[in-house]
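Read the numbers this way: they start at 1 and go in the same order the structure lists the ligands and their atoms.
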Amino acid sequence: MSISHTNEMALFDNNVQKYCRFFELASPQQFTLEQWYQVIARTVLEMAYHKPQGKVDEQRHINYLSMEFLIGRLTGNNLMNLGYYEDIKAYLAQYQVELVDVLEQERDPALGNGGLGRLAACFLDSMATLGQAATGYGLHYQYGLFKQAFQDGKQVESGDEWGRNQYPWHRYNPSKTQQVHFGGKVVAIEGDRYEWQPKLTIEGKAFDLPIVGYQNDVIQPLRLWQADSPQSFDLNQFNEGKFVAAEKTLIKSTALTQVLYPNDNHRVGQQLRLMQQYFHCACSVADILSRHLAQGFSLEEFPKRQVIQLNDTHPTLAIPELMRILLDEHQLTWQQAWSICQQSFAYTNHTLLPEALEQWDQRLFKQLLPRHFKIVEKINHLFHQQVKAQFGDDAKVWEKLAILFDYRVRMANLCVVSCFAVNGVAQIHSDLLVSQLFPEYHQLFPTKFCNVTNGITPRRWIQQANPALSQLLDQTVKGDWKKDLELLHQVENVVDDVNFREAYWHIKQQNKAALAREIEQTLSLSVNPDAIFDVQIKRFHEYKRQHLNLLNIIATYQWLKDNPNKDYTPRLFVFSGKAAPGYYLAKNIIHAINNVAEIINNDKQMKDKLQVAFLPDYRVSLAEKIIPAADISEQISMAGKEASGTGNMKLALNGALTLGTLDGANVEIAEMVGQEHIFLFGHTVESIQTLLAEGYSPKTYYRNDPVLKNAVDFLAKGKASKGDKTTFNLMLDSLLEHDPFLVFADFESYRQAQERIGQAYLDRDAWLRSAILNTARLGKFSSDRSIRDYQSRIWLKK
Ligand code: T68
């Protein structure tokens, strides 16, 4: 036990004994692991607030609004950041309890879909660590992202009741309760003053989670809003039955925050989702304003003291909501209110995919939020004047720039018009944002646009996920690399040191052995720990092209069957990821991977050569087990489609070599690690344009490439579906008829890259150097750097 924590550990012990009496146990020896988890979390939460709080920079308070925060397990993370990890580990040892076993008891709060929600969690960690004053605002869903299981190879979903009522890390904060209104009508009072007479009121209750900075005693809240009110409401009262099936309309108010919508990179058009969005914004804006005013500042000072950062367009309604409060409740003029809003909001875009850009039906919007609609109409009208002044009265231009168009409310346009900054999440994405999505906006507001490349927190993604590597880095690097990830550059100095290389290799092998045990436990599949662990872990989406990976696996299987005695570097292909429940094509790909895995894994000839493990129910805690064990990181999206990716950073930092297209942050990873230490393949954004201009025909590739044809036919002829030739039609028809994400066009190049990987792995020393240099050169991708970029380019820009 370290000297400095003696008092705190005495307090800890005191609490443990108290809980012991509380549970009517003779000794803590009798605690179950679950009880240990609860006792540790509750006690440490109190200890954290006992400490004098660390200093934060309050120049401008960052209000990070996100519908999703994928925080992962908090106990281990908080123990490390607070510096209690080793003390508590030692404390438990006296009862023969392993801390790691206790930590396994914690259920992941799955309050997000994927990258966007996880990014929000990394950013909160970094803001606390850097002492940037910040509050996260989200929703306290009762059901997180669905749990995934496989039945006959198909994804089946079940509700993730994650136990928010037993969750030890948050506190209900009744003093922050808010009232949120919906529907009704707007009456004109005088001039352009209006009064909103709403029809329904729902209460928003606050639940606060502590975000703990890394060893600086800073704790900031993640405030999650939960809808609560004894009242039920009729969904149809807003829309005369036009949007919702009649029989399902009477729902409890609590239903508002019951479920996280399970779509990523796809918009949802449902009324309940719009209500969730407004509920989130109304609670958060009211809370931000009351904190600001309680500190004694005026409304005019709001932009100087506050930033409201919008994580994608999901919290856009915060803009008309702040306008409404300033106009109707504080009687500011339009110019005053608009000026405050324009200087306070900033917007981060996470996608260029047209199907993901949010648009709301105007009638639905108006019926649910009549006052906000009026405000948006006026913003739209005034903006139209500005557009005419710049471009003349050009209908074509207005069609692109309008906020209200064709009976729709376009949220991204509302954001670009209203915010003082708009950023993309990797350089290539930010460039495409300007050149493809918003060129006219860029002409109008050239200084609004900037790039902030995403990042990941090294505290979770090395220190916690890969303790052995973390220790090796501690021994090798001077200074605390967890605070300054660029310090990892020092590792370049030891890449020639045989002892270091062997230590690094040994750690990777240990991590692979651990993952092999996990696979054995979950899938009853015994895998070759010496194979290349080739990993693709992420949401299932056509643009991410898990089916490109699958077609190569089938082609490899066929080649190995034909050439049983030829050399082949053994591979284990690991998949994990969920598909949105209504995304049938993505689910079809999951089904195909599982069925092909079944065939290959049961083929004795493939033993220890080619294996496929699809781990169900991908989540943060599973990612923490897979990532440290990976040799190859599959980042194979069609160029121009993946905004950034963050899994690519986590894997490379842990010494996996990237097999990737020039897309998203892969481009910057390649720049940092150097072309010799990454496997790039496939069409680029530019060559895709040429290909499409010439007329792309996937069938031509299918006819001309026998390897591709055989792989496709394997599925088409029912060889992975007990002879049924229709099972994978959804996927195959799409590929053969349109192939919108150019799987066939990149197949050959992907095969060649896989071939290069097989060769490269044989030279263990060269491989190891590459892996080490990946770790050494990934410092840029710390989310601490991202937050500093937000500070210098957006929040505190001079
Ligand atoms: C991801 N987006 C990007 N969206 O796809 C990824 N969408 O490239 C990027 O690295 C990451 O954001 C962080 O910037 C998402 O994860 C969603 O999850 C989502 C959720 C709801 C609606 C739409």
* Salt-bridge test for D264 and K578: reply yes if a basic N is under 4.0 Å from a carboxylate O, no otherwise. => no
* Asked: Nearest to atom 17 (C) of ligand 1, what protein heavy atom do you find, and at what distance?
  -> D264 CB, 3.6 Å
* Any luck finding a side-chain donor-acceptor pair between T348 and N423 under 3.5 Å? -> yes
* Quick one: look up the protein heavy atom nearest atom 8 (O) of ligand 1 and list residue, atom name and how far away it is. => E642 OE1, 2.6 Å
* Asked: Is it the side chain (CB and beyond), the backbone, both or neither of T348 that lies under 4.0 Å from ligand 1, heavy atoms counted?
  -> neither
* Check: R273 N/O within less than 3.5 Å of ligand 1 N/O -> no
* Does any N or O atom in H314 lie less than 3.5 angstrom from one in ligand 1, N or O only? -> no
* Considering only protein heavy atoms, which is closest to atom 14 (O) of ligand 1, and at what distance to one decimal place? -> H350 ND1, 2.6 Å
* Looking only at distances, please establish whether an N/O atom of ligand 1 is found under 3.5 Å from an N/O atom of L119. => no
* Does ligand 1 have any atom that is closer than 4.0 Å to a heavy atom of N454? -> yes
* Asked: Is the shortest distance from a Lys or Arg side-chain nitrogen in D617 or K147 to a carboxylate oxygen in the other one below 4.0 Å?
  -> no
* Asked: Any ion pair linking E624 and R619 (charged N to carboxylate O, less than 4.0 Å)?
  -> no
* Asked: For ligand 1, which atoms, with element, lie under 4.0 Å from some heavy atom of Y543?
  -> 5 (O)
* **Residue selection (non-hydrogen contact nearest atom 10 (O) of ligand 1) among S786, G645, A580, G114** => G645
* For atom 7 (N) of ligand 1, grab the closest protein heavy atom and report residue, atom and distance to one decimal in Å. => N265 N, 3.0 Å
* Contact between R539 and ligand 1, counting heavy atoms under 4.0 Å? -> no
* Verify the distance criterion only: is there a donor paired with an acceptor across the side chains of T135 and H61 at less than 3.5 Å? => yes
* atom 20 (C) of ligand 1 [closest protein heavy-atom partner, distance rounded to 0.1 Å] -> E68 OE2, 3.2 Å
* Structure fact -> Contacts of R273 meeting salt bridge (charged side-chain N to carboxylate O under 4.0 Å, His left out) (sequence neighbours excluded), chain-then-number -> none
* To do: I would like to know whether D406 and R408 meet salt bridge (charged side-chain N to carboxylate O under 4.0 Å, His left out); could you show each step before the answer?
  => CA-CA 5 Å; D406 201 15; R408 316 216 124 243; 6.0 Å; no
* **Option nearest atom 21 (C) of ligand 1 (shortest heavy-atom distance, choices N113, L260, N263)** => N263
* To do: Would you check if there is a donor-acceptor pair between the side chains of H350 and N311 at a distance under 3.5 Å?
  => yes
* Asked: Got a salt bridge between D663 and K641, using NZ or NE/NH1/NH2 to carboxylate O under 4.0 Å?
  -> no
* Numbering the atoms of ligand 1 from 1, which are under 4.0 Å from a heavy atom of A643? -> 8 (O)
* Say whether E358 and ligand 1 are in contact under the criterion: heavy-atom distance to a ligand atom below 4.0 Å. => no
* Flag the pair K780 and E486 as a salt bridge only when some basic side-chain nitrogen lies within less than 4.0 angstrom of an acidic carboxylate oxygen. => no
* Structural part of L116 in contact with ligand 1, heavy atom criterion under 4.0 angstrom -> both
* **All salt bridge (charged side-chain N to carboxylate O under 4.0 Å, His left out) counterparts of R459, not counting sequence neighbours** => D125, D784
